[in-house]
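Per chain, numbering begins at 1; letters A, B, ... match sequence-line order. All of these numbers come straight from a predicted model, not from anything done at the bench.
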2 protein chains.
Amino acid sequence: MSASFEASRRMAEFERECRRRGLSLTVQRRVILEELIARRDHPTADQIYEGVKGRLPGLSRTTVYRVLETLVEVGVAHKVLHHDAVVRFDGVTERHHHLICLECDRLIDLEDSLVPDVHPPDAGPTGFSIRDYSITFTGICASCQQPAERRRWQSN
Amino acid sequence: MSASFEASRRMAEFERECRRRGLSLTVQRRVILEELIARRDHPTADQIYEGVKGRLPGLSRTTVYRVLETLVEVGVAHKVLHHDAVVRFDGVTERHHHLICLECDRLIDLEDSLVPDVHPPDAGPTGFSIRDYSITFTGICASCQQPAERRRWQSN
DNA sequence: CTCCGTGCAAAAGGTTTGCACTGGT
DNA sequence: ACCAGTGCAAACCTTTTGCACGGAG
């Protein structure tokens with residue numbers, strides 16, 4: 001399955017969901033979702049803004065924030081939790097996990113297939129109904145294990 | 001094991017670690033750690049500040065931020081990742097997991113013993129060396145499953 | 001006595017809000 | 001034509017930084 005096919009499938013899913021919910025299909029929403037799907041990193045709202053402003057003259061940062069929030073509500077994007085107090089977004093909505101380097105804070109995706117299934121606990125007493133999960137593995141990334149030379153990363 | 005015993009054990013651990021690293025044992029550090037250990041929620045820096053400023057007249061918010069950062073470095077506190085773009089702290093350093101309500105964003109702790117062990121993957125190709133992990137379960141909390149009545153939470 | 005740690009004020013981000021306007025439906 | 005969505009500017013909130021003072025070691 002090619003990346004572009006996957007992208008258009010996701011876009012179609014988004015359009016369908018918008019109609020179902022009575023949300024307008026604006027250029028901004030489409031372009032921002034495209035950008036998010038195309039990127040394999042975990043961009044911040046501002047990085048998305050930088051990435052799409054060429055294609056959307058006059059675009060406002062505010063709109064990027066609002067659109068990203070919408071995409072999350074609709075379910076075509078996820079928020080990623082990183083400890084830098086900046087919200088990051090993920091266009092990959094299939095279940096996957098994260099590796100976070102304790103040294104440089106780099107965040108790497110990990111396919112779900114590499115991780116044994118977790119049987120979600122009953123959470124019985126709390127009455128919490130579990131829908132999905134994601135595992136955050138902490139450790140040291142390859143570059144930070146090296147003898148402290150040439151390890152610079154654009155903070156992901 | 002009583003909560004207060006556990007608290008003093010943690011405090012002792014902190015003091016030992018400070019001496020080992022040549023860090024000063026200031027009142028601020030002690031009181032802030034006490035507060036963090038005493039709380040069972042996941043307070044923000046500001047909530048900690050509100051909680052301790054009575055005991056530390058003239059305390060600066062800046063100091064709270066710096067001290068919390070120190071506690072994390074020393075290893076007696078953890079950062080908790082929440083998608084509200086505000087850093088939260090956790091005085092529980094034993095491995096545990098989180099339940100996050102998709103509806104109200106509430107964050108609930110889940111003991112590790114309730115969750116089957118995850119055998120950390122090799123992460124072979126990436127060269128990442130895994131040290132620990134934490135699972136975030138997403139779903140709907142008890143109150144949000146109720147017929148949409150009386151569900152208000154102090155945003156945890 | 002020497003620094004590390006603190007307090008204060010100010011700056012730096014990131015994110016949200018109010019309001020008028022525009023573009024989807 | 002109507003109303004959701006956008007752009008802009010300003011507000012807001014969290015977090016960081018620079019500097020001088022004071023207290024821990």
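One interatomic measurement links the two molecules: CZ of A:Arg61 to P of D:dG5, which rounds to 22 Å at whole-angstrom precision. Rounded to whole angstrom, the span from the CD atom of B:Glu73 across to the P atom of C:dC4 amounts to 14 Å. Spacing between atom CD of B:Gln47 and atom C1' of D:dT15 amounts to 15 Å, rounded to whole angstrom units. In this structure, CD of A:Glu69 is placed 15 Å from C1' of D:dG5, rounded to the nearest angstrom. For the pair B:Gln28 CD and D:dG22 C1', the computed distance is 11 Å after rounding to whole Å. For the pair A:Arg29 CZ and D:dG5 P, the interatomic distance rounds to 4 Å; values are reported in whole Å. Computed from coordinates, the A:Leu25 CG to D:dT6 C1' distance equals 15 Å when rounded to whole Å. Rounded to a whole Å, the CG atom of B:Leu68 is 14 Å from the C1' atom of D:dT16.
Nearer to the 5' terminus of DNA chain D, by closest-nucleotide assignment, is the contact made by A:Pro57 (compared with the other of A:Pro57 and B:Ala45).
Using a 4.0 Å cut-off between charged side-chain N and carboxylate O, A:Arg30 and A:Glu34 make no salt bridge. With respect to the salt-bridge test (charged N to carboxylate O, under 4.0 angstrom), the residues A:Glu13 and A:Arg16 do not qualify.
Comparing D:dT14, C:dG24, C:dG7 by their nearest atom to the side chain of B:Leu59 picks out C:dG7. For B:Thr63, the listed nucleotide lying nearest its side chain is C:dG7; candidates were D:dG7, C:dG7, D:dA9. Comparing D:dT6, C:dG24, C:dC8 against the side chain of A:Val67 picks out D:dT6 as the nearest.
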Show your working on side-chain contact (heavy atoms from CB on, under 4.5 Å) between B:Phe89 and B:Lys79 and close with a plain yes or no. CA-CA 5 Å; B:Phe89 294 87; B:Lys79 284 190 182 179; 3.8 Å; yes
One pair to check against side chain to side chain donor-acceptor pair (under 3.5 Å): B:Ser60 and B:Thr62. What are the steps and the verdict? CA-CA 5 Å; B:Ser60 161; B:Thr62 310; 3.3 Å; yes
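Under 3.5 Å, the side chain of B:Arg66 and the base of C:dG7 form at least one donor-acceptor pair of N or O atoms.
Residue B:Ser24 is classed as a sugar-phosphate contact, given heavy-atom separations below 4.0 Å to backbone atoms only. Counting non-hydrogen atoms under 4.0 angstrom, A:Thr26 reaches the backbone sugars and phosphates but no base. Within 4.0 Å (heavy atoms only), A:Gly22 reaches no atom of the nucleic acid at all.
Closest non-hydrogen pair, B:Phe14 versus B:Val74, comes out as CD1-CG1, 4.0 Å.
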